Amino acid sequence: MSDKETHILSANTAGIEHAAAILRRGGLVAFSTETVYGLGADARNDAAVARIYAAKERPSFNPLIVHVPDLETAQRYATFNDQALRLAETFWPAALTLVLPLRAGSGLSKLVTAGLDSVAIRVPAHTTARRLLKTFDGPVAAPSANPSGRISPTTATHVVNGLGGRIDAVLDGGTCRVGLESTIIGMTGAPTLLREGGIPVDPIEQCLGIELARAGSDITAPGQLLSHYAPNGAVRLNVTDPKPDETLLGFGSVETELNLSPSGDLVEAAANLFRLLHVLNENGTSKIAVSPIPNTGLGRAINDRLIRAAAPRG
Ligand code: TXA
Ligand code: MG
């Protein structure tokens, strides 16, 4: 998958407008934030978000952080209770991510939230990131801009070394000041520390006047996080010959109304996955058969998700 030329863009007006144009057409741009470089895509565009997973070769669909320029914009995508508002008003822009209830009709790709009803949002402080977000004028999904399992990048050179040839551009805003990912606080229930990071816990607890709950390691493990998003129906995998009472979730040239990608394109299949699982729920489908999906590239993440969906329910 190294077939693109990765442009290195300077963090001036021309570079930022170029980067925003790439995001608008569904491309991938790595950009500097104060924590680490993020690999950005339009968070409303399923195919663009699928390309993030493809470029990183992520073996599973972890939900991604949505980056916005300010609190007002964040409120389009998530609901804030008083405690969440207090944190946002006190700290943002900062290396602080809040996991909040997803607003109905947010327009965000289900691949960004991994189908959850919560969303992680951050207002970054870095000038380049802020200028890009304002110019693009939309929500940007961005995990760290490194291949899966490798160290997070803190310079444009790190990004090119890891992802050169797989992404459209890197917006070079220099070396990241914090150099460590954002602190993540879960705000969908009792405020909970989900990940230690760039903002220490003490000032957050002082701001809230309470001690944060500590997530057991199981809450942040993707399997646990995603388990409540299995479809309601029973799932059977690697099916070439569905039974008469099963609905086929297809891949490639098979006869079905619900096809992840009729042409057998894994990026398209990833982009459609959560949407079609929702359709199966909306249709009240009780028995789901899934076509075989090649276990290469993005196919690994798709199969990881489907294997969880097919696992016996507790
Ligand atoms: O500093 C950072 O946070 C960087 C820069 C680029 O902003 N981004 C980053 O993203 O570290 P990423 O994708 O590597 O980490 C996202 C983390 C994951 O551990 C994921 O599980 C958690 O955020 N997360 C995202 N949405 C969530 C949700 N709805 N509930 C719980 N955890 C969530
Ligand atoms: Mg990372």
Side-chain angles (χ1 to χ4, degrees), residues 28-41 43 49 52-53 55-56 58-69 74 77-79 84 91-103 106 108-126 128-130 132-133 139-154 158-159 162-163 167 170-171 173 176-189 191-199 213 215-229 274 301:
L28 299 183
V29 180
F31 61 99
S32 48
T33 82
E34 72 275 33
T35 58
V36 300
Y37 273 72
L39 179 56
V49 176
I52 290 180
Y53 290 97
K56 285 181 65 89
R58 256 202 186 176
S60 62
F61 294 116
N62 295 328
L64 304 175
I65 297 173
V66 174
H67 298 71
V68 293
Y77 305 109
T79 53
F91 291 97
W92 279 354
L96 176 69
T97 296
L98 301 178
V99 174
L100 301 155
L102 181 66
R103 198 178 262 284
S106 69
L108 294 177
S109 165
K110 289 192 170 56
L111 216 44
V112 167
T113 54
L116 297 167
D117 51 16
S118 56
V119 58
I121 304 198
R122 178 159 97 86
V123 176
H126 194 288
T128 306
R130 300 179 61 70
L132 176 63
L133 292 170
V140 173
S144 52
N146 51 284
S148 187
R150 303 257 297 270
I151 299 164
S152 295
T154 53
H158 293 163
V159 176
L163 295 176
I167 64 177
V170 183
L171 184 57
C176 303
R177 179 173 53 81
V178 178
L180 160 106
E181 280 95 341
S182 60
T183 302
I184 305 182
I185 308 293
M187 296 299 297
T188 55
T192 301
L193 179 64
L194 297 178
R195 180 175 79 182
E196 309 251 15
I199 297 281
S217 54
D218 54 337
I219 293 187
T220 37
Q224 190 66 24
L225 196 64
L226 300 181
S227 63
H228 67 269
Y229 190 65
F274 288 107

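The shown structure was predicted, so the numbers you read here are calculated from the model rather than taken from an experiment. Counting convention: from 1, in listed order, for ligands and their atoms alike. Heads up: numbering here begins at 1 and tracks the sequence.
- Rounding to the nearest 0.5 angstrom, the gap separating the CG atom in L96 from the CD1 atom in I121 is 12.0 Å.
- Residue-level proximity to ligand 1 for T113 is absent, since no heavy atom of it falls below 4.0 angstrom.
- Compare R195, R58, E34, R122 by their heavy atoms: the one nearest to atom 15 (O) of ligand 1 is in R195.
- Remark: among candidates G40, P143, G115, G179, the nearest residue to atom 12 (P) of ligand 1 is P143, based on non-hydrogen atoms.
- Qualifying side-chain hydrogen bond (donor to acceptor under 3.5 Å, both in side chains) partners for S182, counting only residues two or more places apart in sequence or in other chains: T97, R195.
- The main-chain N or O of N62 is found under 3.5 Å from a side-chain atom of Y53 such that the two form a donor-acceptor pair.
- Atoms of ligand 1 found under 4.0 Å from any heavy atom of G38, numbered from 1 in the order shown, are 6 (C).
- No more than 12 heavy atoms of other residues, nucleotides or ligands lie within 6.0 Å of CD1 in I151, so this atom counts as exposed by the packing criterion.
- Within ligand 1, the atoms closer than 4.0 Å to a non-hydrogen atom of H67 are 5 (C), 6 (C), 7 (O), numbered from 1 in the order shown.
- Counting only non-hydrogen atoms, the option in A142, G197, S32 that gets closest to atom 8 (N) of ligand 1 is A142.
- Without hydrogens or angle criteria, K56 side chain to L163 main chain gives no donor-acceptor distance under 3.5 Å.
- Checked for salt-bridge contact, E181 and R122 miss the test: no charged N lies under 4.0 Å from a carboxylate O.
- If you number the atoms of ligand 1 from 1 as listed, the ones under 4.0 Å from a heavy atom of L116 come out as 29 (N).
- Looking at Y37 next to ligand 1, no N or O pair under 3.5 Å apart turns up.
- Every residue two or more places apart in sequence or in another chain that forms a side-chain contact (heavy atoms from CB on, under 4.5 Å) with A41 is listed here: L28, A48, I52.
- Interface atoms of ligand 1 facing S118, defined by a heavy-atom separation under 4.0 Å, are 28 (C), 29 (N), 30 (N).
- A donor-acceptor contact shorter than 3.5 Å is absent between the side chain of Y37 and the backbone of C176.
- At distances below 3.5 Å, at least one donor-acceptor pair connects side-chain atoms of T33 with backbone N or O atoms of T35.
- Residue I184 approaches ligand 1 through these ligand atoms, each under 4.0 Å from one of its heavy atoms: 17 (C), 22 (C), 23 (O).
- Ligand 1 has no nitrogen or oxygen under 3.5 angstrom from a nitrogen or oxygen of T33.
- Close N/O approach between S182 and ligand 1 is found [any backbone or side-chain N/O within under 3.5 Å].
- Between E181 and ligand 1, a contact under 3.5 Å exists for no N or O pair.
- Of the heavy atoms in N62, none comes closer than 4.0 Å to ligand 1.
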